[in-house]
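Input: a single structure, listed below in structure tokens.
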Amino acid sequence: MKEKIIGKSLLELQNFVKALNEPRFRAAQLYSWVYEHAVFDFDAMTNLPVDFRKKLSESASIELFPITSRQISKTDGTTKFLFELADGKKIETVLIPPRSTAVDAEERMTLCVSTQVGCPLDCKFCATATMGFFRNLTTEEILNQFFTSRRQSEKRITNIVFMGMGEPMLNYENVMKAIDLLTDQKGIGISPRRITISTAGYANFIKKMADEDRKVKLALSLHSLNNAVREGIMPITKKYSVEDLLSALEYYYHKTKKSVMFEYIVFDGLNDTDNDVRLLTKAARRFECRVNLIPFHSIEFTNPHGISATLRGASPQGIETFWKKLRANNVPVFIRHSAGVDIDAACGQLAAKEEELIH
Ligand code: SAH
């Protein structure tokens, strides 16, 4: 098996070149070619001696993903990729252009990456849950989503959100290693402020991120502050209660002074009552945050049953009414637009399906 170069840190590359009997500085050269210049062909690495390039091609590989399918939204240009991994498993990655009205429309391009094949958390509103869980992605597979999508993108990718398939906190080491590589100013060089990691609610890892002083942004998929309601739609709440989450976020805020983003799908009658307004208002006074109200994206294509089949998203007017009530209480709240709905590429709609192979 050839060693994969993508995903290796500088230190790992140093060990790798040492094993090939090459001087240590070759590792930095290799690192720069791959991460800074995105050159993936050893023969094009012109400052490396020919015999070292030969040794590299024999013992290592740098390969982008084969793209199994690529769907482009007719309404907003959002592109959904289906990538095939070495073991035949498939993952989805979404490239999201800004809305043309956005202030930074010219320069922004967001990539939504997956962290696991499937997901074990079984959130009742999420399409990925219906796939079940297969495995964690490696650092190489996380970074390769970025490299392969970037080749396909007309514009530079400026922002990354860890909001694709899977729960990033359950793959903490590989995700953080990918983030370290993405944000290294001597390499890929994306600012950590342009990277968001979203969790369904692992209080322990939220505290860990605070202790490690991670510079990336943190989002929490909240959806309800009522334990019983949240437990019904997000079973993870049995492990970490709403109060566990809020106190972890309080800890996070006091340690990092960074504001937290809440994601909140508005379900008709389930989490948009006056009591929910009261609970959100109270939570928003505990630490700096912003609440993003998200329309529920249909997962009808997964043939939902049980609780999943009963969920109804609030109407646009319903979302606006809820928004107004929160605004009136000075909660920093925003209604988030959806991208890629027509190609099932919006939040929570990622579920790599075999039949997509025929597109
Ligand atoms: N596991 C992580 C990241 C993946 S989900 C997490 O839970 O945060 C990315 C976002 O999409 C989360 O906020 C999730 O709650 C939201 N989401 C899931 N299903 C959705 C749906 N059907 N409609 C709208 N948003 C959804």
Side-chain angles (χ1 to χ4, degrees), residues 78 80 91-94 96 110-131 133 136-137 142 145 160-172 175 195-203 205-206 209 216-225 229-230 232-237 239-240 245 248-249 260-268 270-272 289-304 307-314 316 319 334-352:
T78 294
K80 181 171 76 172
I91 50 164
E92 292 182 330
T93 305
V94 184
I96 313 160
T110 303
L111 189 72
C112 175
V113 298
S114 293
T115 56
Q116 300 182 310
V117 185
C119 183
L121 295 189
D122 201 24
C123 298
K124 302 303 175 191
F125 43 80
C126 178
T128 308
T130 64
M131 293 174 66
F133 173 66
N136 278 337
L137 295 183
I142 296 169
Q145 294 174 66
I160 297 182
V161 293
F162 284 80
M163 294 188 187
M165 295 161 61
E167 167 56 40
M169 297 303 188
L170 290 178
N171 190 11
Y172 193 85
V175 167
I195 297 183
T196 303
I197 177 162
S198 176
T199 177
Y202 278 88
F205 284 110
I206 292 172
M209 272 182 74
V216 290
K217 285 189 184 163
L218 177 67
L220 176 80
S221 300
L222 183 61
H223 309 320
S224 176
L225 280 162
V229 170
R230 195 172 192 271
I233 53 176
M234 302 182 77
I236 173 74
T237 314
K239 196 172 163 85
Y240 295 106
L245 292 177
L249 290 175
V260 173
M261 184 172 107
F262 286 126
E263 289 148 289
Y264 200 99
I265 305 172
V266 191
F267 293 107
D268 190 21
L270 185 71
N271 63 357
D272 62 350
C289 64
R290 70 177 265 162
V291 181
N292 280 336
L293 301 181
I294 311 175
F296 176 46
H297 302 127
S298 168
I299 55 163
E300 268 315 302
F301 64 92
T302 66
N303 294 321
I307 301 171
S308 304
T310 67
L311 294 172
R312 297 280 167 269
I319 298 179
F334 303 86
I335 300 177
R336 225 178 61 186
H337 82 281
S338 308
V341 178
D342 59 329
I343 52 166
D344 294 339
C347 289
Q349 291 191 315
L350 301 186

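One-based numbering, in listed order, for ligands and for the atoms of each. What you see is a predicted model; the values in this text were computed from it and never measured. Note that these values count all heavy atoms, side chains included, but never hydrogens, waters or copies made by symmetry.
For atom 23 (N) of ligand 1, the closest non-hydrogen atom on the protein side is H297 N, 3.0 Å. At the top of the distance list for atom 19 (N) of ligand 1, counting protein heavy atoms only, stands G348 CA, 3.0 Å. Closest to atom 22 (N) of ligand 1, if we only count protein heavy atoms, is F125 O, 2.8 Å. If you check which protein heavy atom lies closest to atom 12 (C) of ligand 1, you get S221 OG, 3.0 Å. With respect to atom 2 (C) of ligand 1, the closest heavy atom belonging to the protein is S198 O, 3.3 Å. At the top of the distance list for atom 21 (C) of ligand 1, counting protein heavy atoms only, stands C347 O, 3.3 Å. The nearest protein atom to atom 5 (S) of ligand 1, hydrogens excluded, is given as M163 O, 4.0 Å; this is a heavy-atom distance.
Two rings, from Y240 and Y202, have their centers less than 6.0 Å apart. If you look at H223 and F262, their ring centroids are not closer than 6.0 Å.
For the residue pair R230 and T237, a side-chain donor N or O sits within less than 3.5 Å of a side-chain acceptor on the partner. Counting only N and O atoms by type, the side chains of T115 and E167 include no donor and acceptor under 3.5 Å apart. Side chains of N292 and E263: a donor-acceptor N/O pair is absent below 3.5 angstrom, by distance only.
Under a 4.0 Å heavy-atom criterion, G164 is in contact with ligand 1. The shortest separation from a heavy atom of G166 to ligand 1 is under 4.0 Å, placing the residue in contact.
Residue contacts with ligand 1, taken as heavy atom pairs separated by less than 4.0 Å, involve H223 solely via side-chain atoms from C-beta onward. Contacts between T199 and ligand 1, counted as non-hydrogen atom pairs separated by less than 4.0 Å, involve the backbone only. With a 4.0 Å cut-off on non-hydrogen atoms, E263 touches ligand 1 through its side chain and not its backbone. At a heavy-atom cutoff of 4.0 Å, ligand 1 is contacted by the backbone of P295 but not by its side chain.
Rounded to the nearest 0.5 Å, atoms CD1 (I96) and CE (M163) are 8.5 Å apart. Atom CZ in F205 sits 13.0 Å away from atom CG in L218 (nearest 0.5 Å). Within the model, atoms OG1 of T310 and CZ of F267 stand 9.0 Å from one another, a figure rounded to the nearest 0.5 Å.
Both tests pass for R290 against the ring of F334: distance under 6.0 Å to the centre and angle within 45° of the axis.
Using a 4.0 Å cut-off to heavy atoms of A200, the atoms of ligand 1 that qualify are 6 (C), 7 (O), 8 (O). Under a 4.0 Å criterion applied to the non-hydrogen atoms of C126, ligand 1 contributes the atoms 18 (C), 19 (N).
With a 4.5 Å cut-off on side-chain heavy atoms, P120 and L170 count as touching.
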